[in-house]
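Since the structure comes first, as structure tokens, the remarks are kept for the end.
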2 protein chains.
Amino acid sequence: MDLQGALEILKRNGYKYTGKRKRLVEVFYRESRYLSAKEVLDYMQEDYPGLSFDTIYRNLALFEDIGIVETTEWQGERRYRFCCGGDEHHHHLICTFCGKTRTLHVCPMNAILGKPEDFDITGHKFEIYGTCSTCKADVAVSKM
Amino acid sequence: MDLQGALEILKRNGYKYTGKRKRLVEVFYRESRYLSAKEVLDYMQEDYPGLSFDTIYRNLALFEDIGIVETTEWQGERRYRFCCGGDEHHHHLICTFCGKTRTLHVCPMNAILGKPEDFDITGHKFEIYGTCSTCKADVAVSKM
DNA sequence: ATGTAAATCGTAAATATTACGTTTTAAATG
DNA sequence: CATTTAAAACGTAATATTTACGATTTACAT
């Protein structure tokens, strides 16, 4: 997914192409990491000071539906990031401090031989959490 | 982990052995599935009608700390279940309707060759979500 | 039986998310 | 370009989950 691709999805599906949505796409594209709703609002309010949570959450849900952002959750908060890796299935190594990720191309589901009986699989989650080198350095400094 | 084991942990570590904690352990042992805080409260209030959320959450956090329950989260809610599989590392196949699980003994981390550079791994999550046969039947019936 | 630290109660606060009636706006239409 | 209309955003309130705190009660050691 690139910047233009996301904007195209919005237009193509008949969604209104507002300045706020354009900016929202840009924020995700620029940051290219997991952001909480609060963080998204903070970035957006740089350009739209009065922007409300309603608009943020509504558009985050929309973006998730139409495949502009992918989501996960940690520390009790939902997080959103620009869809990465194109259409190919992937997983993430995630820094829980800054939300930056690395893409993992292996999927553990391939190693699960056969389908379990009497159980309909609807999804799965594989994520590795940790601290990236930048944040590790920051934490070290903050302890001085 | 068995029922006695959990009660032993409480006693051994010098935690007070209250009727409520005993009952809480029993609830988790009996249900042996993931429960939300609300569900736990409901079960507990059968015996202790005035029980507060404070007590539930405080003891859930304690139980997690001392290894009586393991936790995860889905649909925006934290869930707790009696530790299963003894001390061995494992993952779960989870029915998101009833919280029942099956233990997976494979771990995808074994397939990740080597450690990623410049990244301290603090944890990982691998879960398969779906609908168990019982809940599948229930859903079918509810649609009639 | 008594003292004390821990547990619980009752209630309130913090946090994240969702909902709703009203107003504004993008963009389709004539 | 003016008009229309359905969608988007606003402003605000409600809901749900989790956490916090002073007062009271209780388990357990002495």
Side-chain angles (χ1 to χ4, degrees), chain A residues 6-27 34-66 68-69 71-81 96 99, chain B residues 6-27 34-66 68-69 71-81 96 99:
Chain A
L7 296 176
E8 283 304 317
I9 289 178
L10 274 176
K11 289 180 182 173
R12 179 153 30 86
N13 293 56
Y15 292 104
K16 289 196 178 169
Y17 187 70
T18 66
K20 281 158 194 165
R21 285 189 172 156
K22 181 163 171 292
R23 196 81 196 80
L24 188 55
V25 170
E26 286 168 3
V27 165
Y34 276 110
L35 301 169
S36 67
K38 181 75 176 60
E39 285 176 301
V40 173
L41 181 66
D42 287 344
Y43 281 124
M44 290 295 289
Q45 286 189 335
E46 293 174 3
D47 295 274
Y48 301 95
L51 199 68
S52 70
F53 262 116
D54 179 279
T55 300
I56 295 296
Y57 277 112
R58 200 168 11 77
N59 281 309
L60 289 177
L62 171 66
F63 280 19
E64 185 178 3
D65 278 352
I66 62 182
I68 292 179
V69 299
T71 73
T72 189
E73 171 280 330
W74 72 82
Q75 290 165 5
E77 251 179 309
R78 227 164 143 54
R79 321 264 174 162
Y80 307 78
R81 68 153 295 150
T96 51
Chain B
L7 297 176
E8 284 303 317
I9 289 178
L10 274 176
K11 288 180 183 174
R12 179 152 31 86
N13 293 56
Y15 292 103
K16 290 194 178 174
Y17 187 70
T18 67
K20 280 158 195 166
R21 284 187 172 159
K22 181 160 172 293
R23 196 82 195 79
L24 188 56
V25 170
E26 285 168 3
V27 165
Y34 275 109
L35 301 170
S36 67
K38 181 76 175 60
E39 285 177 300
V40 172
L41 181 66
D42 287 343
Y43 281 124
M44 291 296 289
Q45 287 188 335
E46 291 173 5
D47 295 271
Y48 301 93
L51 198 69
S52 70
F53 262 117
D54 178 280
T55 302
I56 296 294
Y57 278 111
R58 201 168 8 79
N59 281 309
L60 289 177
L62 172 66
F63 279 19
E64 185 179 1
D65 278 352
I66 61 182
I68 291 179
V69 300
T71 73
T72 188
E73 171 280 330
W74 72 82
Q75 289 164 6
E77 251 179 309
R78 225 164 146 56
R79 322 264 173 162
Y80 307 78
R81 69 153 293 150
T96 50

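We name chains A, B, ... by the order of the sequence lines, and we start the count at 1 in each one.
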Between C1' of C:dT15 and CG of A:L41, the distance in whole Å: 14 Å
Residues which pass salt bridge (charged side-chain N to carboxylate O under 4.0 Å, His left out) with B:R58, listed by chain and number, not counting sequence neighbours: B:D54
Beyond-backbone contact of B:I68 with B:L24, side-chain heavy atoms, under 4.5 angstrom: no
Protein-nucleotide distance (B:R78, atom CZ; C:dA16, atom P), rounded to Å: 15 Å
Results of side chain to side chain donor-acceptor pair (under 3.5 Å) for B:Y57 - residues two or more places apart only: none
By ring pair (Phe, Tyr, Trp, His ring centres under 6.0 Å) - contacts of A:Y34 (at least two apart): A:W74, A:H92
Rounded distance (nearest 0.5 Å) linking atom OH of A:Y48 with atom CD1 of A:I56: 11.0 Å
With A:K16 via salt bridge (charged side-chain N to carboxylate O under 4.0 Å, His left out) - residues at least two apart: none
Within residues 43-65 of chain B, residues whose heavy atoms come under 4.0 Å of DNA chain C: B:G50, B:L51, B:S52, B:D54, B:T55, B:R58, B:N59
Close side-chain approach of A:Y80 and A:L35, heavy atoms under 4.5 Å: no
Side chain to side chain, B:Y43 and B:R23, heavy atoms closer than 4.5 Å: no
All salt bridge (charged side-chain N to carboxylate O under 4.0 Å, His left out) counterparts of B:R21, not counting sequence neighbours: none
Footprint string (nucleotides 25-30 of chain C, 5' to 3'): B base within contact, S backbone only, - free, heavy atoms under 4.0 Å: BBS---
Global bending angle along the helix from C:dA1-D:dT30 to C:dG30-D:dC1, which compares the axes of five pairs at either end, to 10 degrees: 30°
Boundaries of the chain A footprint along DNA chain D (any atom under 4.0 Å from a heavy atom): D:dA6 to D:dG11
For A:T71, side chain to side chain donor-acceptor pair (under 3.5 Å) partners two or more places apart: A:E64, A:R78
Partner residues of A:R81 under the salt bridge (charged side-chain N to carboxylate O under 4.0 Å, His left out) criterion, sequence neighbours left out: none
Touch class at under 4.0 angstrom, heavy-atom based, for B:K20 against every strand present: sugar-phosphate
For A:T55 against A:L51, the heavy-atom pair lying closest together: CG2-CD1, 3.9 Å
Sequence-distant partners of B:T72, side chain to side chain donor-acceptor pair (under 3.5 Å), two or more places apart: B:K125, B:E127
